[in-house]
Amino acid sequence: MPELPEVETIARQIRAVFLEKTIVKVAVNTPRLLKNVSATEFVRRLEGQPLREVTRRGKFLLWQGGTAYPVFHLGMSGNFFRRREQATHPEHIHLEFHFADGQTLFYQDVRKFGKIWLYEEPPKFPELGVEPLSENFSLNNLKKLLNLKNMNMKAFLMDQSNIAGIGNIYANEILFLSRISPFRKTREITEKEAEVFFREIRSVLERAVRNFGTTYSDFRTVEGSDGQNQFFLQVYQKAGEPCPVCGTPIEKAVLNSRSTFYCPKCQR
DNA sequence: TCTGACCTGCGA
DNA sequence: TCGCAGGTCAGA
């Protein structure tokens, strides 16, 4: 589920409601989701602490709770809800953060692929590539990366050490709008194509953030409403439907063991 | 570089 | 009942 736009939406909504509020009680219902800390320690370090900051790096959600730094990776189905009844599967709520004003933030994860860590200082994520919506992401460094690698374009976009935050939905959409085949090798990309590719990476992700993410099956915002970006998808999950540009049926292939959707005519 | 494993729910 | 799903990681 959650790629950059969905995690960004969650971060913004948690900030809007819970920032500077004190966490009075933490419940860990599924301790095995905690990767570097025991449930007891997680609770001890966060109870009584104010939520100082909520940010995002790639697909990771970062909190500052007093002097501790919880980090969440939502896997395929992780999500946060402000009210239990807004959760799509309340029976799969693994963490509960009860705040001093009486509100609670619930972490739900049906498939339990999510992971949670607790750090004593802000984590650095040396393994992650550039933030595509930051000033550090430039056409020049994208061209350098493309030259450096020798992989297909779909795999390039999905590899978090190149660009952080892009998953299967947005990789498909970016390649379609860039008119680049998912099977092309990074080193074959021309100067002109790289320029379009660079522009579309930003524009696809920015649009999705503006639309509060894509609700394909599970994703809901913290407030329980659907994202709106699914109405803007051009190819993802549209196999057999006409390409919005040329009318050729969209094809589906498995590439790097992920479903890949593309127009065989428009994307070269 | 690729495959299977980790989980559960849902739709065909 | 089976195949598939937005992600990552270990191991071949």
Side-chain angles (χ1 to χ4, degrees), chain A residues 1-11 29-36 56-61 71-80 87-95 107-117 123 125-129 132 148-176 182-187 204-205 207-209 211-222 226-240 252-262:
Chain A
M1 173 242 301
E3 306 182 31
L4 183 154
E6 290 76 33
V7 181
E8 181 64 32
T9 300
I10 291 168
N29 306 326
T30 312
R32 74 178 174 85
L33 300 189
L34 303 175
K35 293 303 160 186
N36 67 344
R56 179 195 57 75
R57 173 81 171 95
K59 298 174 191 170
F60 291 87
L61 184 70
V71 172
F72 306 83
H73 191 292
L74 308 184
M76 295 263 263
S77 57
N79 210 350
F80 280 91
T88 47
H89 295 277
E91 67 277 23
H92 291 291
I93 286 172
H94 307 301
L95 294 175
Y107 175 68
Q108 166 194 275
D109 187 353
V110 171
R111 294 169 72 180
K112 302 190 190 80
F113 288 172
K115 296 184 174 80
I116 297 125
W117 299 263
F125 301 102
E127 73 285 3
L128 282 188
L148 205 65
K149 305 279 171 162
N150 186 31
M151 58 207 308
N152 67 54
M153 288 295 285
K154 176 82 184 301
F156 174 82
L157 276 177
M158 303 276 290
D159 185 336
Q160 302 299 300
S161 70
N162 298 323
I163 301 168
I166 298 170
N168 203 28
I169 293 182
Y170 299 111
N172 280 294
E173 296 296 312
I174 289 166
L175 288 170
F176 173 75
F183 304 100
R184 285 274 293 289
K185 292 286 189 180
T186 46
R187 280 187 199 153
V204 164
L205 295 173
R207 181 187 309 121
V209 170
N211 289 324
F212 306 103
T214 298
T215 295
Y216 167 57
S217 63
D218 263 350
F219 176 69
R220 301 289 183 282
T221 69
V222 175
D226 284 3
Q228 296 298 309
N229 199 63
Q230 60 278 17
F231 304 116
F232 296 84
L233 299 182
Q234 311 273 305
V235 290
Y236 180 72
Q237 288 293 0
K238 294 189 187 292
K252 175 180 176 176
V254 175
L255 186 54
N256 305 99
S257 64
R258 306 307 297 273
S259 292
T260 301
F261 302 87
Y262 61 101

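Given the structure is predicted, the values throughout are model-derived calculations rather than measurements. Naming convention: chains lettered A, B, ... in sequence-line order (proteins, then strands); numbering from 1 in each chain. Note: hydrogens, waters and symmetry copies are ignored here, and every other heavy atom, side chains too, is used.
For dA5(C), one of the phosphate oxygens OP1 or OP2 lies less than 4.0 angstrom from a side-chain nitrogen or oxygen of Lys252(A). Residue Lys112(A) has no polar side-chain atom (N or O) positioned under 4.0 Å from OP1 or OP2 of dC6(B). The phosphate of dT8(B) has neither OP1 nor OP2 within less than 4.0 Å of any side-chain N or O from His92(A). Put simply, Ser259(A) has a side-chain N or O that comes within less than 4.0 Å of OP1 or OP2 on dA5(C). For Gln160(A), a side-chain nitrogen or oxygen approaches OP1 or OP2 of dT8(C) to under 4.0 Å. At dT8(C), none of the side-chain N or O atoms of Lys115(A) fall inside 4.0 Å of OP1 or OP2 (strictly under the cut-off). Checking the phosphate oxygens (OP1, OP2) of dG7(C), no side-chain nitrogen or oxygen of Arg111(A) falls inside 4.0 Å.
Proximity note for His73(A) (side chain, C-beta onward) versus dT8(C), dC6(B), dA5(C): the nearest is dT8(C). Taking every side-chain heavy atom of Asn256(A) into account, dC2(B) is the closest of dC7(B), dC2(B), dG7(C). Considering only side-chain atoms of Glu91(A), the nucleotide from dG9(B), dT3(B), dT8(C) that sits closest is dG9(B). Nearest nucleotide to the Tyr236(A) side chain, out of dG9(B), dA5(C), dG7(C): dA5(C). Closest approach to the Arg32(A) side chain among dA5(C), dC7(B), dT3(B) is made by dC7(B) (side chain taken as heavy atoms from C-beta onward). Here the nucleotide nearest the side chain of His89(A), chosen from dT3(B), dC10(B), dT8(B), is dC10(B).
Asn150(A) comes within contact range of the sugar-phosphate backbone alone, with a heavy-atom separation under 4.0 Å but no base atom that close. Among the atoms of the strands shown, only primed sugar atoms or phosphate atoms (P, OP1, OP2) are found under 4.0 Å from some heavy atom of Gln237(A).
Between the CG atom of Asp109(A) and the C1' atom of dT8(C) there is a distance of 13 Å, rounded to whole Å. Rounded to whole Å, atom P of dC9(C) lies 13 Å from atom CZ of Arg258(A). As a whole-Å value, the separation of Met158(A) CE from dT8(C) C1' is 10 Å. For Phe219(A) and dC10(B), the CZ to P distance is 18 Å, given to the nearest whole Å. In this structure, the NZ atom of Lys35(A) is 11 Å from the P atom of dC9(C), given to the nearest Å. Remark: C1' of dC7(B) and CD1 of Ile93(A) are 17 Å apart, rounded to the nearest angstrom. In this structure, Glu127(A) places its CD atom 12 Å from P of dA10(C), rounding to the nearest Å. Counting to the nearest Å, the P atom of dC7(B) and the CD atom of Gln108(A) are 17 Å from each other.
Between Thr186(A) and Lys149(A), the side chains place no donor N or O within less than 3.5 Å of an acceptor N or O (distance only, hydrogens not considered).
dG4(B): Watson-Crick or G-U partner is dC9(C), with both key distances under 3.5 Å.
Nucleotides dG4(B) and dC4(C) place their C1' atoms 15 Å apart, quoted to the nearest Å. Straight-line distance between the C1' atoms of dG9(B) and dC9(C): roughly 23 Å, to the nearest whole Å.
Stacking is found between Phe113(A) and the pyrimidine-like six-membered ring of the dC6(B) base under the 5.5 Å centre-distance and 30° plane-angle cut-offs. Where stacking is scored as ring centres under 5.5 Å apart with planes under 30°, Tyr216(A) does not register as stacked on the base of dA5(C).
At least one side-chain heavy atom of Asn211(A) sits less than 4.5 Å from a side-chain heavy atom of Phe232(A). Taking the side chain as every heavy atom from C-beta outward, Leu175(A) and Tyr262(A) never approach each other to under 4.5 Å.
Ring pair Phe125(A)/Phe60(A) is tilted by interplanar angle, where 30° to 60° counts as tilted.
In terms of heavy-atom proximity, Met158(A) sits nearest to Ala171(A) at SD-CB, 3.9 Å.
Counting heavy atoms of neighbouring residues, nucleotides and ligands inside a 6.0 Å radius, atom CZ of Phe212(A) does not exceed 12 of them.
At least one donor-acceptor pair under 3.5 Å links the side chain of Gln230(A) to the backbone N or O of Thr215(A).
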